[in-house]
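The sequence lines fix the lettering, A, B, ..., with proteins before strands; numbering per chain opens at 1.
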Amino acid sequence: MDIHDDLISWYLVNKRDLPWRNTTNPYLIWLSEIILQQTRVDQGMAYYHRFSETYPTLNSLAKADEEEVLKLWQGLGYYSRGRNLLKAAQKVADDFNGVFPKTYTDILSLPGVGPYTAAAIASFAFRLPYAVVDGNVSRVLSRLFDESTPINSSAGKKLFQDLADKCLSTKRPDLHNQAMMELGALVCSPRNPSCNTCPLASHCLSMARETIQDRPQKIKSKKAKERQIDYIILQNDNRILMRKRTDKDIWQGLFDFPSIELGRPAKPDEIYKYVKEALSEHDSAKIKIQKAPVKTYQHVLSHQKLKARFWHFKVEEPFQENSIYLRKNKTQLGEVPVPRLIQQYLTDSSLI
DNA sequence: AATCCGGGGGT
DNA sequence: ACCCCAGGATT
């Protein structure tokens with residue numbers, strides 16, 4: 001393959017200057033790769049700086065609490081990445097004597113690290129010959145070889161990994177991998193790619209056949225399910241009752257409020273009934289029934305459309321607290337990790 | 001093999 | 001609306 005020289009030459013001239021490209025520290029490279037999973041560079045940049053400054057070393061991260069890590073991760077989404085970030089750091093500390101593993105197999109054994117991330121770390125930090133296949137690379141390959149197999153099918157994943165393996169420059173796997181991804185990000189973009197400036201144009205089968213618009217093929221995902229949530233905010237002086245989400249559901253490990261989900265908007269008397277049960281006799285007698293929620297939001301996730309309504313009650317006596325429902329004062333409200341939707345409500349209501 | 005898991009930006 | 005993003009884990 002003589003595309004290597006064209007590709008790497010192009011990369012060295014056109015590459016973006018990104019902080020994780022100026023190091024071979026496997027910890028920092030791993031950190032950047034986890035943050036950038038399904039996340040644009042622009043979106044992940046601030047988080048990378050935040051994490052690398054708060055936890056300069058792997059062992060400083062390994063000592064952190066999950067809530068602390070999730071607070072730093074707040075707003076980035078896919079929170080299992082944050083939880084696994086801590087687990088992986090602890091695993092390196094415990095099982096690898098605090099030294100980041102140096103082989104593909106050991107790197108792959110870390111939670112949150114799959115084939116892509118393992119290959120990225122192995123090649124960038126240790127120059128090991130493993131080819132990365134991410135969204136960019138599979139798109140570039142599907143066009144280069146005019147391959148119609150859907151990139152997100154099982155057969156496609158196997159096929160494009162095989163193609164990437166065959167194309168890999170074993171001389172500089174690090175530069176090759178970076179270059180393939182950068183080409184996909186800057187030139188071989190999903191729509192309206194810049195084929196006129198592409199260093200691989202003369203090798204591109206899809207361009208010759210004019211099938212660029214049809215590559216890559218992809219299996220469409222089902223559309224988001226709708227979900228109705230009625231949140232109940234109980235406020236006693238400057239304290240609010242919050243809940244840590246522990247179920248197998250969205251936002252695991254983050255905090256929100258007690259809620260009701262009936263598959264439809266809850267009626268005012270259903271909210272009223274719920275509130276009364278959470279309070280003492282004395283206080284519940286003073287609660288006035290609300291005819292409508294205080295605020296309403298729509299919050300879109302990749303797989304769920306949330307319609308959230310917030311009912312806010314001010315009560316005079318402390319409410320029931322247990323292992324699930326925790327009392328948080330104003331300072332603590334700003335310290336616990338919350339999903340975007342809840343952050344929005346707290347901000348709009350001047351609660352933090 | 002299919003589904004779940006966020007949030008933001010581009011078109 | 002729909003698509004995509006330096007994907008991985010679970011079912």
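- Side-chain atoms of Gln43(A) come within donor-acceptor range of the base of dG7(B), with a qualifying N/O pair under 3.5 Å.
- Pairing for dC5(C) goes to dG7(B), judged as Watson-Crick or G-U wobble with the two contacts each under 3.5 Å.
- Going from the C1' atom of dG6(B) to that of dC3(C) covers 15 Å, rounded to whole Å.
- With salt bridges taken as basic N to acidic carboxylate O contacts below 4.0 Å, one links Glu182(A) and Arg16(A).
- For DNA chain C, the residues of residues 102-112 of chain A within the heavy-atom distance limit of 4.0 Å (strictly under) are Pro111(A), Gly112(A), sorted by number.
- At the heavy-atom level, Leu306(A) lies nowhere under 4.0 Å from the strands shown.
- Looking at Glu321(A) and Arg239(A), no side-chain N of the basic residue comes within less than 4.0 Å of a carboxylate O on the acidic one, giving no salt bridge.
- When heavy atoms are screened at a 4.0 angstrom cut-off, Asp42(A) is found touching no nucleic acid atom at all.
- Within 4.0 Å of Arg340(A), counting heavy atoms only, lie sugar-phosphate atoms of the nucleic acid but no base atom.
- At a threshold of 4.0 angstrom between heavy atoms, the contacts of Ser302(A) include nucleobase atoms, whether or not backbone atoms are also involved.
- Distance from the side chain of Arg139(A) is smallest for dC5(C) among the nucleotides dG7(B), dC5(C), dA6(C).
- Not a single donor-acceptor contact under 3.5 angstrom links the side-chain atoms of Arg191(A) to the base of dC4(C).
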